[in-house]
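In what follows, every heavy atom counts, from backbone to side chain, and hydrogens, waters and symmetry copies are set aside. Just so we're on the same page: letters track the sequence lines, and every chain starts at 1.
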Amino acid sequence: MRNDLRERRAERGWSQADLADRLDVSRQTINAIETEKYSPSLELAFRIARLFKVRVEDVFQA
Amino acid sequence: MEAQQPMSGERVRGGSPGVLLAAAAWLAVYLAARFALQYLRAGSVEAIFMAIAPVWAFFAFVWAVQRALRRADELQRLVQLDALAFAFSTTICVLMGLGLLDIAHGGRLEFPPMRDWWALLPVLYAMCLVVARRRYR
């Protein structure tokens with residue numbers, strides 16, 4: 001699943017560790033999502049969207 | 001691909017030092033028991049005590065793993081599942097194959113003692129864990 005998490009994170013000047021802390025996951029998980037090696041659960045996808053104040057489909061595209 | 005961020009200050013989940021410490025303690029107690037059992041009289045209270053000692057160490061290891069799993073995030077749980085699934089199925093496949101080969105040879109096939117074959121599972125699990133972690137890196 002494609003996503004623009006890295007761009008959104010970069011816009012805010014957050015590191016992967018910063019974002020991981022905000023989402024209560026490991027940095028490895030953020031890295032795996034950004035490199036599209038891992039598709040997050042629906043719950044985590046919603047948490048990500050909520051954090052960036054956008055819709056899930058704005059961040060993730062099938 | 002962007003370079004990975006520095007590790008400092010990040011919250012590390014799963015794969016905690018506690019698990020490695022518990023695994024090392026379990027292995028140490030097991031090896032000590034195996035060593036001691038060579039010199040203790042078979043059937044003695046001391047021998048039975050030494051034979052059971054690694055079981056308690058293993059329970060401590062299981063407790064440490066459970067604790068780490070509760071704190072793990074969804075990707076780390078997936079990595080654990082990948083590793084366990086492959087290690088478990090491969091171990092069953094090997095043991096089944098050896099059992100059938102033994103039957104095919106009329107029970108005369110010489111293996112390492114059956115009491116040591118359990119070690120295949122944790123060894124495979126550790127190897128599969130490394131592979132599974134690399135897959136999502």
Asks: Just wondering, are more than 12 heavy atoms of other shown residues or ligands nearer than 6.0 Å to CZ in B/Arg67?
Replies: no
Asks: Tell me, yes or no, whether the heavy-atom count around B/Trp118 atom CH2, taken from other residues, nucleotides or ligands under 6.0 Å, exceeds 12.
Replies: yes
Asks: Are any side-chain N or O atoms of A/Lys37 and backbone N or O atoms of B/Arg137, one a donor and one an acceptor, separated by less than 3.5 Å?
Replies: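 Between the backbone of B/Arg137 and the side chain of A/Lys37 there is a qualifying donor-acceptor contact (under 3.5 Å).
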Asks: Nearest 0.5 Å, please: how far is CG in B/Leu40 from CZ in B/Phe35?
Replies: 10.5 Å
Asks: Quick one: which residues of residues 44-62 of chain A reach chain B at under 4.5 angstrom, heavy atoms only?
Replies: A/Leu44
Asks: Suppose we screen for salt bridge (charged side-chain N to carboxylate O under 4.0 Å, His left out). Which residues come up paired with A/Asp18, at least two apart in sequence or across chains?
Replies: none
Asks: Drop me the distance from B/Gln76's CD to B/Leu129's CG, to the nearest 0.5 angstrom.
Replies: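 Interatomic distance, B/Gln76 CD to B/Leu129 CG, rounded to 0.5 Å: 10.5 Å.
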